[in-house]
Amino acid sequence: MMAASYSVKILLIEDNLASARLLQEYLKQANSQNYSLVHVQRLREGLHEITHGNYDVILLDLTLPDSAGLSSLSLLISHAPSIPIVVLTNTNDQELAIEAVRQGAQDYLVKRQVNVDVLVRALHYAIERKQVLESLRSINKTLENRVEERTAELVKAQEINDFKSEFVSMLSHDIRNPLNTILLAAGLLQNSEEKLTKEKKTTHFQMIRSAIKNMAQLLDEVSFIGKAEAGKLQCQLAPLDLVAFCRQLVDEAQLNALEKRLNLVFASSGESDVAVWDENLLRHILGNLLSNAIKYSLPGGTVRFELICQEKTAIFQIQDSGIGIPKKDQKRLFQTFQRAENVGNIPGTGLGLAIAKKCVEAHGGEILVDSEVGVGTTLTVILPLLKVS
Ligand code: ATP
Ligand code: MG
C-alpha cells in the first residue's frame, strides 16, 4: 500500500505531445500524492527505461509509431512482468482496450474522458491490483513448491518401503537355506551319533561351519547395502600404492582360482600419480568382481585383471572367459538380489554387483559391463583420481 510520503514513479509512453502534456498537468493538480513522471515517445525508449528505472506504473498509448496495438503491451509485460500497465486509447477503440486488459493490462483510460480524479484513481487501482496479484502469485508458487516437495518425499518413502519389503523377503529366503543345512546336520549329529563314522561327523560339522560363515557374510553384505541405501557410505580417502594393492587382491584370490584350475593374471600399465583412495570401498568393488569372474568361469579358463592408470582416471578391467551374461539381464544385475537366468546351480545371492556399484558411485566413478553368453564377461570400473588436498 502507498503511504502519503511515497512518490509514485510513472512511465508515460505516448507519442502525442499534447495528450502527454495534458496528463502531466492533471498529475500536478492531484496534490494528495507525489508523482514523478518520465515521458518517452517510443516503445524502444520505454523498454530501455523500465530496465533501468524503478517504475511503479506504466501509462501506455496503444498507437505508437514503432509498435502497433497490443504487441507493445506484450513486449512490456515480458520485460517487466511486475509493473502494472494502464493503456490509453482513443474513443473509437474501446474493444482494443478491453482486449488489452484481457492480455494483462491492469486498466484502460479513454483519452478524452480522462480528468484528474479518473487518472489518479486508475493509477492507484492499477498499482494495488497488481500488488495483490503478485502476492497471490507468490503464495501460489510457494504452495506449488511445497506440494512438489511433499510429493517427491512421498514417492521416495514409497520406494524405500517397496525396497524394504522386497529386501526382507529375499533376505529371509537366503537365510533359510543355510539355516536348513544347520538344522539337518545338527539333527543327524544328535540322532545318529553312534552310527556315524568320524569322517561323516567331521563333514557335518564342516557343513554347519560353512553355513554359519555364509550367513555371517550375507548379514555383512546386507548391512553394507543398508548403509549405502541410507546414503551413509562415505569415502575415507588416504594415499595408496594402487598397483601393489591390486596385486595383493589378486594374490588373495589365487587360492580360489587354483581350486578351479583357473589361470589368474594381473597386468598394470601407465603411471599412477599420487592419489587418494578409500581402500575399503576399492576392496569391495574389486573383490566382488574378481570373485564373480572366478565363480562364473569354467575350469581351465583365464581371468585377467588389468589396471590402466591415466592422467585423470584409473581403469580397472576384469575379464573372464566364463558363462557370460544374457544381454537382457545385464542392466538389472546392479540392483540388489538380481541374478542372471543362466546361473544354474552356481550359488550366489545377487548382492555383489549392487554393492560394487554403490561403492563405485561413492567414489564418483562408473561401472560398465560387456558380456556375451558362452564367450565371457568384462567388467570395467572407471574411477577418477582424487588428489590429496
Ligand atoms: P553374491 O551376492 O554372492 O555376489 P552373485 O554373484 O549371484 O551373489 P552378483 O555378484 O551381484 O551376485 O552378480 C549378479 C549376477 O550377475 C550373478 O548372479 C550372475 O548371474 C551375473 N554375473 C556377475 N558377474 C558375472 C560374470 N563374471 N560372469 C557371468 N555372470 C556374472
Ligand atoms: Mg557375486
Side-chain angles (χ1 to χ4, degrees), residues 163 166-178 181 210-229 233 249-250 252-253 255-257 259-266 281-306 316-362 366-381:
F163 173 77
E166 190 196 355
F167 208 88
V168 168
S169 70
M170 297 303 291
L171 190 59
S172 31
H173 170 263
D174 278 327
I175 280 188
R176 199 166 293 136
N177 275 340
T181 308
S210 105
I212 291 174
K213 220 175 98 195
N214 280 347
M215 277 194 338
Q217 191 191 340
L218 180 62
L219 290 178
D220 281 348
E221 287 180 346
V222 164
S223 92
F224 192 86
I225 278 280
K227 257 194 235 157
E229 284 294 324
L233 216 57
L249 284 183
V250 171
E252 285 168 16
L255 212 64
N256 289 335
E259 212 173 291
K260 253 190 117 165
R261 291 196 294 110
L262 291 175
N263 186 20
L264 174 56
V265 291
F266 173 66
L281 294 187
L282 271 188
R283 192 177 286 279
H284 272 293
I285 300 168
L286 301 171
N288 269 309
L289 298 189
L290 274 174
S291 92
N292 278 350
I294 293 170
K295 185 161 69 166
Y296 299 106
S297 275
L298 305 167
T302 295
V303 171
R304 190 180 156 78
F305 176 11
E306 192 172 352
F316 307 82
Q317 214 158 48
I318 291 160
Q319 185 183 31
D320 65 56
S321 49
I323 63 169
I325 307 170
K327 286 271 177 289
K328 66 173 175 47
D329 291 336
Q330 289 179 8
K331 232 184 177 161
R332 66 178 172 86
L333 297 180
F334 294 98
Q335 294 163 18
T336 45
F337 298 114
Q338 299 291 327
R339 305 194 73 203
E341 61 173 22
N342 63 333
V343 288
N345 52 11
I346 304 173
T349 310
L351 283 176
L353 286 184
I355 289 177
K357 188 173 164 73
K358 294 275 179 216
C359 296
V360 167
E361 282 167 357
E366 58 177 333
I367 182 167
L368 310 164
V369 59
D370 178 20
S371 181
E372 204 172 315
V373 172
V375 178
T377 303
T378 304
L379 272 129
T380 307
V381 171

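Note: hydrogens, waters and symmetry copies are ignored here, and every other heavy atom, side chains too, is used. For ligands, and for the atoms within them, numbers begin at 1 and follow the listed sequence.
In terms of heavy-atom proximity, Ala257 sits nearest to Leu264 at CB-CB, 4.0 Å. Contact between Lys327 and Ser371 at its shortest, heavy atoms only, is NZ-O, 2.7 Å. Smallest separation of non-hydrogen atoms from Leu281 and Cys359: CD2-SG, 3.7 Å. Minimum interatomic distance between Ala228 and Leu233 (heavy atoms only, all atoms of both residues): CB-CD2, 3.8 Å. Residues Met215 and Pro178 share a closest heavy-atom pair of CG-CG, 3.3 Å.
A side chain to side chain contact (heavy atoms under 4.5 Å, CB included) with Tyr296 is found for one member of Ile325, Thr377, Ile346 and no other, namely Ile346.
Protein atoms that are N, O or S and lie under 2.8 Å from the Mg ion (ligand 2) are these: Asn292 OD1.
We find that Lys328 and Glu341 are joined by a salt bridge, their nearest charged nitrogen and carboxylate oxygen being less than 4.0 Å apart.
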One pair to check against side-chain hydrogen bond (donor to acceptor under 3.5 Å, both in side chains): Gln319 and Arg304. What are the steps and the verdict?
CA-CA 5 Å; Gln319 185 183 31; Arg304 190 180 156 78; 4.6 Å; no
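For the pair Phe316/Leu286, a side-chain contact is recorded, criterion being any heavy-atom separation below 4.5 Å from C-beta on.
Every protein residue with a heavy atom nearer than 4.0 Å to ligand 1 is included here: Glu221, Asn292, Ala293, Lys295, Tyr296, Asp320, Ile323, Gly324, Ile325, Leu333, Gln338, Arg339, Ala340, Val343, Gly348, Thr349, Gly350, Leu351, Gly352, Leu353, Thr377.
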